[in-house]
Amino acid sequence: MGVKMNDTKFIVEKYESGEYMETSGSLDSSRTIILKTNIPLYQAKNQLFLAFFDRKIDINTLIVDRDFRREDVSWPNDLKIKIRNLWMSPYHSHSETYANTVLETRDFLNEIKRILKVPLESINLGTCVLISHPVTNSAENVIVHNYAHGIEELESHRIHVQNTRTNSLEPEKIVEKWQLTKPEVGRHFSLATDDLPWALRVLRTIEMRPDAQINFALSSEVSSYGITIPIGDGTEINVFVSGSRQRLEYVLNFKVDEINQSESL
């Protein structure tokens, strides 16, 4: 029921009979301002959002702290915001099922879509769900957590999956999809993991494809080669593993490049 901007948090509370109708707060650098109101709280919250955001401002990063209940993600109908980056707090579905998490994520993205003036530069979903949606498809960068299921269906230019947990056959669908759709040069999907054997197993699986070519120019500290797959129109898919044994994080990369560009990597 409130908004936090920089170091100040504004909270709407119901005005009780006998109270002073005033604004209260503290003088330190991190303060809370309590706004008392005798109108319905949902109307007060809408007025608060409009007071902060319904103006010609450019927000670099908007952090949304939510738990996916519809009453918590409702915005004023006429609210439009120009946001570069949208970050959402880590979330686990109340119902603890993947299907319901998908539905709740889609509901939230539908709400976000209504307030955006322009496409996002980046969005961190804070969930394990990857779904094709106008908000995620139009964002330049998408970050999700744990699962890469359905990643091949997304049209985002850049997707990064943190702490990837999926079987070794799932990422190969990216190659199959991109061979059909021939996405733009620079399209880049990456899957981070602490399981190097898993990442190398995916690489070896893709290496078995009849159109795969070993490319030593894609070598790294953790792999002596990468895989290149031509997809026509002067472009190719480069699959390689990057990362550091010292940091214990490895990234499986799928990237569309112009042919021969990988030789200079």
Side-chain angles (χ1 to χ4, degrees), residues 1-12 29-33 35 41-93 101-148 150-151 153-163 183-184 186-190 192:
M1 298 304 296
V3 173
K4 182 176 182 181
M5 182 171 288
N6 297 331
D7 292 321
T8 302
K9 186 173 185 178
F10 295 83
I11 297 177
V12 177
S29 60
S30 180
R31 60 180 181 166
T32 297
I33 303 297
L35 307 171
L41 287 181
Y42 76 92
Q43 292 182 13
K45 184 183 71 170
N46 286 355
Q47 290 183 16
L48 179 63
F49 282 174
L50 287 172
F52 275 102
F53 299 125
D54 191 23
R55 55 185 72 177
K56 294 181 179 179
I57 59 176
D58 185 354
I59 297 177
N60 183 61
T61 302
L62 179 65
I63 301 175
V64 182
D65 184 12
R66 52 78 182 108
D67 59 5
F68 272 131
R69 289 174 299 186
R70 284 303 295 265
E71 63 268 24
D72 290 338
V73 295
S74 60
W75 306 84
N77 290 330
D78 51 351
L79 178 64
K80 292 292 183 182
I81 313 175
K82 183 178 180 181
I83 307 168
R84 288 194 180 95
N85 308 289
L86 180 65
W87 291 74
M88 288 170 272
S89 56
Y91 164 74
H92 300 285
S93 172
T101 302
V102 171
L103 293 175
E104 292 168 351
T105 301
R106 192 176 298 277
D107 279 347
F108 183 78
L109 290 174
N110 287 338
E111 294 289 340
I112 289 296
K113 182 176 183 294
R114 293 198 300 110
I115 70 169
L116 292 178
K117 280 186 177 180
V118 295
L120 295 166
E121 290 182 11
S122 71
I123 178 172
N124 187 332
L125 286 172
T127 75
C128 63
V129 172
L130 268 170
I131 58 175
S132 182
H133 188 278
V135 172
T136 55
N137 289 343
S138 62
E140 293 182 20
N141 299 285
V142 178
I143 300 174
V144 294
H145 302 260
N146 300 128
Y147 298 106
I151 188 174
E153 297 298 331
L154 270 71
E155 300 173 9
S156 304
H157 186 71
R158 178 77 174 92
I159 296 178
H160 180 68
V161 182
Q162 297 179 340
N163 304 313
E184 74 284 356
R187 176 79 66 92
H188 186 184
F189 290 1
S190 56

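Just the heavy atoms: all of them, side chains too, but no hydrogens, waters or symmetry mates, feed the values below. Being a predicted model, the structure only gives us computed values, none of them experimental.
The distance from the CZ atom of F189 to the CZ atom of R158 is 9.5 Å, given to the nearest 0.5 Å. Between atom NE2 of residue H188 and atom CD1 of residue I159 there is a gap of 11.0 Å, rounded to the nearest 0.5 Å. Separation of atoms CD1 (I112) and CG (L120) is listed at 8.0 Å; rounding is to 0.5 Å. Going from atom CD1 of I81 over to atom CD1 of I115 covers 4.0 Å, rounded to the nearest 0.5 Å. Remark: K80 NZ to K117 NZ distance equals 9.5 Å, nearest 0.5 Å. Considering CG of N85 and CD1 of I63, their distance stands at 10.0 Å, rounded to 0.5 Å.
Within the 4.5 Å cutoff, the side chain of N110 has heavy atoms near those of the H133 side chain. When side chains are defined from C-beta on, V135 does not count as touching L86, because their heavy atoms never get closer than 4.5 Å.
The main-chain N or O of S132 is never found under 3.5 Å from a side-chain atom of N137 such that the two would form a donor-acceptor pair. No donor-acceptor pair closer than 3.5 Å links the side chain of K82 to the backbone N or O of N60. At least one donor-acceptor pair closer than 3.5 Å links the side chain of S156 to the backbone N or O of T136.
Residues P119 and S138 come closest through the heavy atom pair CB-O, 3.7 Å.
None of R187, E184, E140 except one satisfies the side chain to side chain donor-acceptor pair (under 3.5 Å) rule with H157; the exception is E184.
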Please evaluate residues L125 and H145 with respect to the criterion side-chain contact (heavy atoms from CB on, under 4.5 Å), reporting the C-alpha separation (whole Å), side-chain torsions for both, the decisive distance (0.1 Å), and the verdict.
CA-CA 8 Å; L125 286 172; H145 302 260; over 6 Å; no

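With sequence neighbours excluded, the residues that form a side-chain contact (heavy atoms from CB on, under 4.5 Å) with E153 are K177.
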